[in-house]
Amino acid sequence: MTDTTTLVVAGAGLAGVRACEAARRKGFEGAIVLIGEEPALPYDRPPLSKQMLTAPPGSVEVQLRPRSVLEDELNIQVRTGVRAIGLDTGSRVLQTSEGEVEYDELIIATGAAARKLPEAREFSGVLALRTIEDARRLRGHLVEDTRVVVVGAGFIGSEIASAASKLGLRVTIVEAASAPLVRSLGAEVGALCTALHRAHGTDLRLGTTITAVRARLGAEPDGLGRYPVAAVELSDGSLVEADVIVAGIGAVPATEWLQTAGVRLHEHDGGILCDANLAALGHNGRPIPHVWAAGDVVHWPNPLFERTMRLEHWTSAAEQGAAAAANALVQPADRRPYSTVPYFWSDWYDTRIQFVGVPQAEEVVVQHLLDERGGMVALYRAGERLVGALTIGRPDLIMKYRRLVASAASFAEGVDLHAGAVA
Ligand SMILES: Cc1cc2nc3c(=O)[nH]c(=O)nc-3n(C[C@H](O)[C@H](O)[C@H](O)COP(=O)(O)OP(=O)(O)OC[C@H]3O[C@@H](n4cnc5c(N)ncnc54)[C@H](O)[C@@H]3O)c2cc1C
């Protein structure tokens with residue numbers, strides 16, 4: 001342990017909470033201040049696009065820890081509704097909407113914000129999904145006979161479509177690419193995802209974009225001057241009636257508050273560039289003393305894959321929170337690089353999709369599993385190595401693939417594992 005007396009965590013999501021918990025678990029007895037801009041106590045996001053959209057409103061518990069655990073057991077000063085607005089790394093001061101907070105060590109865990117459709121400003125019923133408030137708002141729209149248009153067939157968009165379909169609503173997905181997830185996971189998996197949506201009656205419009213939104217004729221604007229949506233016009237000339245439009249078009253790291261802080265951001269994805277220990281880098285490419293980052297906001301070199309990456313996955317956000325806190329509180333010689341085999345899951349209709357590893361591959365081999373459990377697996381090959389695996393409807397297999405990818409196993413070993421599941 002160092003002689004740190006105050007650990008400040010900016011961003012009270014999963015990575016932020018895990019950072020605080022890890023600090024206490026490691027025996028840190030100083031002050032911990034957890035600062036989050038949302039009014040709610042830290043909560044879990046995966047249920048927002050799943051159970052929260054299908055269960056009766058108010059019936060799903062998403063809080064990560066009760067207030068009593070955070071404040072009394074862990075002795076964390078939780079400041080909700082407080083926004084980090086600037087950072088002076090020289091004098092170790094975090095500027096917030098409620099004044100300055102001094103730190104000895106700072107962990108930035110401000111996550112990402114959902115990209116919004118520009119139409120959101122002009123029309124009511126144009127939504128995005130990132131926060132618990134977004135989920136409540138969207139749930140309120142998912143009532144009988146609502147016609148739902150989802151923009152983007154990525155994970156969040158597809159989960160929203162699945163939830164709306166489960167509620168018996170008419171759902172159309174508008175996707176610019178030739179298949180869902182084709183850019184991130186390849187054409188083979190894209191085709192499987194297309195089939196999954198269509199098998200559940202979702203109207204999937206591929207290779208199309210929205211060219212215009214039509215307002216309901218004769219409707220009054222709401223208090224913000226926005227008119228209710230009635231339909232969307234698509235680039236193929238078709239018209240789709242809609243009562244609600246939901247954007248599933250990705251998220252951007254929440255770093256706008258760091259613009260003058262001297263923190264280096266990735267030129268394409270905007271994540272905070274970190275070293276392997278999750279220390280934030282300055283413009284000179286060297287770690288900024290006492291500043292760390294964790295979660296969706298981080299772009300770091302993952303030693304297991306010899307490349308840098310930014311993930312938006314629950315598991316890595318949780319692990320990075322703990323890893324950043326551990327490194328912040330020990331002597332430099334005791335710091336450890338954070339490496340992981342990326343893992344995420346997603347629930348579409350009643351099917352679980354899981355992915356481990358990285359999708360950058362020379363070949364993707366898809367196999368329909370013929371044992372009594374069924375399902376599918378797609379294996380990703382780079383050179384002779386198994387670098388990734390995706391399963392559809394086979395949660396029993398995914399961690400076995402993760403171990404293979406972690407041990408730099410050959411592609412042949414991956415195929416053998418999967419041949420065992422077929423037998
Ligand atoms: C709807 C949804 C469903 C998901 N489902 C899955 C899934 O099924 N499987 C999976 O692997 N992953 C899933 N994820 C991804 C996973 O939830 C994220 O990777 C994880 O929440 C990231 O945690 P984080 O702490 O880095 O960021 P966040 O959870 O975004 O938390 C960051 C917090 O910081 C706050 N903040 C931002 N800026 C500031 C500021 N300037 N000052 C103070 N506070 C600030 C934000 O308001 C937020 O509360 C899902 C994400 C979403 C949005």
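Indexing begins at 1, ligand by ligand and atom by atom, following the structure's order.
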Margin query: Taking 4.0 angstrom as the limit and counting only heavy atoms of Gly11, give me the atoms of ligand 1 inside it, by number and element.
Written below: 34 (O), 44 (N)

Item checked: Top protein contact for atom 19 (O) of ligand 1, by heavy-atom distance -> Asp296 OD1, 2.7 Å

Next item on the list: Ignoring angles and geometry beyond distance, decide whether Ser49 reaches within less than 3.5 Å of ligand 1 through its nitrogen or oxygen atoms.
Entry: no

Note to self: I'd like to know whether ligand 1 has Val297 as a neighbour, heavy-atom separation below 4.0 Å.
What the structure shows: no

Check: Does Thr255 have any side chain to side chain contact (heavy atoms under 4.5 Å, CB included) partners at least two apart in sequence or in another chain, and if so, which?
Finding: Pro253, Leu258, Leu265, Ile272, Val297

Next item on the list: Indicate the atoms forming the closest heavy-atom contact of Leu41 with Gln63, along with that distance.
Entry: CD1-NE2, 3.8 Å

Next item on the list: For Gly295, counting its heavy atoms only, list the atoms of ligand 1 lying under 4.0 Å from any of them.
Entry: 26 (O)

Next item on the list: Flag Glu37 as yes when one of its N or O atoms lies below 3.5 Å from any N or O atom of ligand 1, and as no otherwise.
Entry: yes

Margin query: For atom 50 (C) of ligand 1, what is the closest protein heavy atom, and at what distance to 0.1 Å?
Written below: Ile156 CD1, 4.2 Å

Check: Taking side chain as C-beta onward, heavy atoms only, is Ile108 less than 4.5 Å from Trp257?
Finding: yes

Note to self: Could you work out, with side chain to side chain contact (heavy atoms under 4.5 Å, CB included) as the rule, every residue matching Pro289, not counting sequence neighbours?
What the structure shows: none

Margin query: Is it true that, when you exclude Arg198 itself, more than 12 heavy atoms of the residues, nucleotides or ligands shown sit nearer than 6.0 Å to its CZ?
Written below: yes

Next item on the list: For atom 21 (O) of ligand 1, grab the closest protein heavy atom and report residue, atom and distance to one decimal in Å.
Entry: Arg45 CD, 3.7 Å

Margin query: Among all the protein's non-hydrogen atoms, which is closest to atom 33 (C) of ligand 1, and how far away is it?
Written below: Gly13 N, 3.8 Å

Item checked: Heavy-atom nearest option to atom 35 (C) of ligand 1, drawn from Thr110, Thr255, Leu311 -> Thr110

Check: Against heavy atoms of Phe344, which atoms of ligand 1 measure under 4.0 Å?
Finding: 11 (O)

Note to self: One residue to check: Ala12. Relative to ligand 1, which of side chain, backbone, both or neither has a non-hydrogen atom less than 4.0 Å away?
What the structure shows: backbone

Notebook entry, point to check: Can you tell me the protein heavy atom closest to atom 41 (N) of ligand 1 and the distance?
Noted result: Ala84 O, 3.0 Å

Checklist line | Heavy-atom side-chain contact between Trp300 and Asn302 under 4.5 Å | finding: yes

Margin query: Test your reading of the structure: does Ala15 have an N or O sitting under 3.5 Å from an N or O of ligand 1?
Written below: yes

Notebook entry, point to check: In the protein, what heavy atom is nearest to atom 47 (O) of ligand 1, and what distance, to one decimal place, separates them?
Noted result: Glu38 OE2, 3.1 Å

Check: What are the atoms of ligand 1, with element, lying closer than 4.0 Å to any heavy atom of Trp257?
Finding: 41 (N)

Next item on the list: Specify side chain, backbone, both or neither for Val82, according to which of its non-hydrogen atoms lie closer than 4.0 Å to ligand 1.
Entry: backbone

Check: For atom 9 (N) of ligand 1, which candidate among Phe155, Phe355, Trp345 provides the closest heavy atom?
Finding: Trp345

Note to self: For a quick test of reading the model, state the closest non-hydrogen atom pair linking Ala19 to Ala325 and the distance between them.
What the structure shows: O-CB, 3.3 Å

Note to self: Taking the basic N atoms (NZ, or NE/NH1/NH2) and the acidic carboxylate oxygens, is any pair closer than 4.0 Å for Asp347 and Lys166?
What the structure shows: no

Next item on the list: Considering the heavy atoms of Ala317, write down every atom of ligand 1 situated less than 4.0 Å from one of them.
Entry: 22 (C), 23 (O)

Item checked: Heavy-atom check, side chain of Pro180 versus side chain of Ile173, under 4.5 Å -> no

Notebook entry, point to check: Do Arg83 and Glu256 pass the salt bridge (charged side-chain N to carboxylate O under 4.0 Å, His left out) test, and can you show the C-alpha distance, the side-chain angles, and the key distance before you say yes or no?
Noted result: CA-CA 12 Å; Arg83 183 170 166 71; Glu256 65 298 332; 2.7 Å; yes

Next item on the list: Check ligand 1 against Lys50 and write out every atom of the ligand that is under 4.0 Å from a heavy-atom position of the residue.
Entry: 5 (N), 6 (C), 7 (C), 8 (O)

Check: Mind checking whether Val377 and Arg394 have side chains closer than 4.5 Å, heavy atoms only?
Finding: no

Margin query: Check for me whether Gln320 has a heavy atom closer than 4.0 Å to any atom of ligand 1.
Written below: no

Next item on the list: List the closest protein heavy-atom neighbour of atom 4 (C) of ligand 1: residue, atom name, distance to the nearest 0.1 Å.
Entry: Pro46 CA, 3.6 Å

Note to self: With side chain to side chain donor-acceptor pair (under 3.5 Å) as the criterion, how do Glu102 and Thr6 come out once you've worked through the C-alpha distance, each side chain's angles and the decisive distance to 0.1 Å?
What the structure shows: CA-CA 8 Å; Glu102 290 181 10; Thr6 304; over 6 Å; no

Check: Backbone or side chain, does any N or O of Thr315 fall under 3.5 Å from an N or O of ligand 1?
Finding: no

Item checked: Asp222 with Arg226: basic N within carboxylate O range, under 4.0 Å -> yes

Notebook entry, point to check: Looking at Glu38 and Arg45, does any basic side-chain N land under 4.0 Å from a carboxylate oxygen?
Noted result: yes

Item checked: Contact (N/O only, under 3.5 Å) between Leu14 and ligand 1 -> yes

Note to self: Just to confirm my output: which protein heavy-atom neighbour is closest to atom 10 (C) of ligand 1, and how far is it?
What the structure shows: Trp314 N, 3.6 Å

Checklist line | Distance-only N or O hit between ligand 1 and Tyr343, under 3.5 Å | finding: no

Notebook entry, point to check: Taking 4.0 angstrom as the limit, do Arg65 and Glu73 come out as a salt bridge?
Noted result: no

Next item on the list: Using a 4.0 Å heavy-atom cut-off, say whether Ala10 meets ligand 1 through its side chain, its backbone, both or neither.
Entry: neither

Margin query: Go through it in stages, so that I can follow the logic: the residues are His290 and Arg92, the test is side chain to side chain donor-acceptor pair (under 3.5 Å), and I'd like the CA-CA distance, side-chain angles, deciding distance and then a yes or no.
Written below: CA-CA 8 Å; His290 315 290; Arg92 291 201 229 170; 3.1 Å; yes

